[in-house]
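These numbers come from the heavy atoms of this one structure, side chains and all, not from hydrogens, waters or symmetry mates.
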Amino acid sequence: MAVYDEMRDASGAVRPLWTGLAGVVDSAGPEGLAARRGATVRLLADDGVAYHPPGAESEQLWELDPLPLILSTDEWGALERGVAQRAELLDRLLVDLYGPRTVITGGVLPVEVVDGHPGYLHAWRRTEGEPATPTIGTAGDLLSRRELFLAAVDLGRSPDGWVVLDDRVQAPSGAGYAMANRRVVARVLSALHRRSRIRRLGPFFEALRAGLRTDEQRVVLLNPGPDSETAYEQALLSSLLGVPLVLGSELTVREGRVWQHTLGRLEPVDVVLRRLDAEWCDPLDLRPDSRLGVPGLVEAARTGAVSVLNGLGSGVAENPGLIPYLPALCRALLGEDLLLPGPPTWWCGDPLALSHVREHAAELVLGPIARGSADGPAGGSGSELRFPVRGGDLTAAQRAELLDRIAAEPHAWTAQREIPLSTAPTITPTGAAARPVVLRTFAVASGSGWEVLDGGLASVSAGPGVRPLEGAATLAKDVWVVGDRPERALPGPATEITAQVPAGGVSPRVAEDLFWLGRYAERAEDTARLLRAVTDRWADFQNTPEPAGADALRALLLATSEITRTQPGFADPDTLPDPPSPGREELRSLLCDRDRPGTLGFAVHRLTRAAQAVRELLPTDTWLVLGRLDTALARIAADPDLDDGAVSGGLNRILEGLLALAGIVTESLVRDAGWRLLDTGRRVERAQHVVALLAATLCAAPRGPADRLVVESVTIVAESVITHRRRHAGRPGVAPTLDLLLADRENPRAVAYQLDRLTDDLAHLPGPVPGSLDATVRRLAEADLPAVAARDAADGTRPGLAALLAGLTADLDRLAVDIGAAHFAPVLGPRPYDPLLPAAS
């Protein structure tokens, strides 16, 4: 059967709506399209748009084709009505299935379709006298009448028109990625975008935010964590909606209510917008092995103490076994005909349907009513079938075995006729090619109806023969609805959606992530400065190979290994080459090895991981900086020669990025508890680094002319060389250096300055300031710096300085531990629900 081409009609002529994009494609040619694709990749990296594939160690860049899917206003109007109707139908169906079940008792829907689906949660059923659905504390009637708040519908265009391929109402994802797609494509195709009268996406997110909260309600977004597949989108939604992103371990149920752990107190929660599948949400009433949920959440929601959106039982509405019955359900529950049909579907629990499936299995797509893979051998080969599976792709023996399995448990299986999907132009290495496309649309409860996102998230196969959404080989597309949008009033204030820091306190988990974000940012900067000083001293020695330069370089190399605590590092004094050399492979490792603690690559990688864990709190420009740090490190790692120029240039670019990050943190973040903890981490790390630097270089530094070079290198690494020269040009030596880097409270790089900042930061956090801070301040204040700067007459070392620095090291280590104990105490994992526990922390 011929498929529908979105851009061209049956004669091959470009459809009028696509004329502008077709002109871009034709004029660009393969090279121009490749350039647009490259620009798309760069912009995605700059914005930090990412996806975490299941099983992968880390996030990967979001895949986006810059050529949009274009729909007219008239066509979209029909889809919009159909999507809104379907969301309303599924909501009414869920209310009935978890309440009176009239569609079952009235014979409209077989009971096995519902009770045989794992998404139907019997713990969510209401008994007589319970509220129709969970309420939102004391507020609004809107959500108290609904099981669904947010719905997604996957659509495909067949030769006969649009068809619903799937309903996504468990915890629908993709709306945030649609916004990210729009931001990128609007820049890649800026001229076409400006003149195309494309409907905005903002009204949908305005409706989403307006429907979630009032001034009296506290809303949280429950998610699986920073390693979840759509962690980027969850953080984006948190920022767009102004609600905190929380883990299950950060919530607790006490006195029948849900509370969020924040620094120093518990805060009540009225609404939980979940991005966690229902079975994981409550280990007490649902899946007992879940470490992601909140014990007692089901009971709190059933009593109306909290709203969980979507309702925990909504997963049953994703059951493909419902599809044959939806037309009758629509007439029974809404009194109208279903606007958007599904694909021809047979539920095998019906004997007539089962007979049809057995006869036509080779022509159908077969699968269980529950999504995912079904275990079992395929044709006795010991392999597993991945469902849904095309019957025509199986051997006769495999098909017969599968039909036997279906016959043994028919209510658990469905069969569908595959829909030949329409195609849309997609950039490939050889130019634009037609690829099958699927459109995911979104609807949010708004007033008494539904607000549908003007457009959505389209997916195309990255290669021929692959159905969109079947696997990793898919690309996203922006969706343009071209034409004016009819004015519709939204509930609540229609304010412009802008990124913002979620309201409310900082949880201990977020506090710890921010603290380590500050530490790793400072550690990366300190390590980069140290390695740059090493390579600069090496270059000076190569140009002027004098004994003093060799002694200074040797001291700096050994100090680098001691400060970074890397093994074997640049080796020890007995094995270091003479003349000394940094060693290219060791230097490359110290620069780029992300798996080796102490290296620059390790610090940057951990910095990125910490930023990903609190992505919703950080400005968008953060990802521009972090992406360029990764690019600079990758360029160094890929350089086969790694000469001095490559190392110096790479370190300069990395330092530029880290300084830009420091500027973003300083100038763009509100001075709340989160910022205080981030700054605390930076101050602790900087103080520790300065102390370690002095201990590794000055306690046993070479005497004579090399002393001056070592001191100069120390002040360069500590970013204080200009001040040192201006203040102490006439009296160089160790005592003035110690005064500048330890005791000077006006020097932003001095330990005393860090202690002052720590005193201020910790005073603004809940609880008392740790006593270890006072101990550190006293030790430094009581130190006689001129005395400890003196060398021992016998061996030339500085034992007094070594003792002072060892004491400061111990004090700072203890301070870091005390800060963690006061503010990062781990929240206890799931425990049995106890309504008698007090709410006060």
Side-chain angles (χ1 to χ4, degrees), residues 1-37 40 63-80 82 154-165 178 181-182 185-186 188-199 340 343 418-441 454-470 473-483:
M1 180 184 293
V3 299
Y4 182 94
D5 188 286
E6 297 288 341
M7 187 169 75
R8 299 182 184 274
D9 61 24
S11 68
V14 175
R15 301 182 191 277
L17 195 65
W18 288 76
T19 302
L21 186 62
V24 171
V25 172
D26 292 341
S27 62
E31 291 185 1
L33 292 176
R36 304 226 184 219
R37 172 69 176 148
T40 301
E63 295 280 350
L64 173 64
D65 179 67
L67 304 182
L69 175 66
I70 305 178
L71 300 172
S72 70
T73 294
D74 291 341
E75 182 175 34
W76 177 250
L79 289 179
E80 185 178 34
D154 288 344
L155 299 168
R157 192 202 295 266
S158 75
D160 298 323
W162 289 96
V163 175
V164 174
L165 304 176
N181 293 345
R182 176 62 55 83
V185 173
V188 175
L189 300 177
S190 56
L192 180 62
H193 183 270
R194 281 195 301 270
R195 66 174 186 262
S196 294
R197 288 177 36 237
I198 302 162
R199 289 196 190 180
L340 288 175
E418 186 168 11
I419 299 297
L421 295 172
S422 66
T423 60
T426 303
I427 295 178
T428 72
T430 58
R435 293 284 184 262
V437 61
V438 168
L439 169 61
R440 177 168 295 181
T441 57
D454 283 321
L457 176 66
S459 297
V460 292
S461 56
V466 180
R467 184 184 176 97
L469 305 178
E470 277 191 344
T474 59
L475 300 172
K477 274 183 176 289
D478 191 14
V479 182
W480 291 3
V481 177
V482 177

Partner of L155 by side-chain contact (heavy atoms from CB on, under 4.5 Å), out of V163, L421, L340, V438
L340
Just one of L71, L69, V185 clears the side-chain contact (heavy atoms from CB on, under 4.5 Å) bar with W480, so which one?
V185
Could you pull out the closest heavy-atom pair between [X] and [Y], with the gap in Å?
| X | Y | result |
| --- | --- | --- |
| D5 | A434 | OD2-CB, 4.1 Å |
| R199 | G483 | CG-O, 3.3 Å |
| A476 | L64 | O-CD1, 3.3 Å |
| A2 | P159 | O-CG, 3.1 Å |
| G455 | V481 | N-CG2, 3.6 Å |
| A432 | V25 | CB-CG1, 3.7 Å |

Check for a donor-acceptor pair, side chain of [X] on one end and backbone N or O of [Y] on the other, with a separation under 3.5 Å.
| X | Y | result |
| --- | --- | --- |
| T426 | A424 | yes |
| W18 | E6 | yes |
| T474 | V460 | no |
| D478 | P68 | no |
| R194 | L189 | no |

Taking side chain as C-beta onward, heavy atoms only, is [X] less than 4.5 Å from [Y]?
| X | Y | answer |
| --- | --- | --- |
| T73 | W76 | no |
| R182 | I198 | yes |
| V479 | R440 | no |
| L475 | R37 | yes |
| T423 | V437 | no |
| N181 | K477 | no |

I'd like to check the salt bridge (Lys or Arg N to Asp or Glu O under 4.0 Å) partners of R36; sequence neighbours left out, ordered by chain and number.
none
What's the separation between atom CG in L21 and atom NE2 in H193, rounded to the nearest 0.5 Å?
12.5 Å
CZ on R15 to CD1 on I70, rounded to 0.5 Å:
12.0 Å
Mind running side chain to side chain contact (heavy atoms under 4.5 Å, CB included) on D454 and E80 for me, showing each step along the way?
CA-CA 8 Å; D454 283 321; E80 185 178 34; 4.0 Å; yes
Is it true that the side chains of D9 and S11 contain a donor and an acceptor less than 3.5 Å apart?
yes
Given S72 and D74, is the side-chain hydrogen bond (donor to acceptor under 3.5 Å, both in side chains) satisfied, shown in steps?
CA-CA 5 Å; S72 70; D74 291 341; 5.5 Å; no
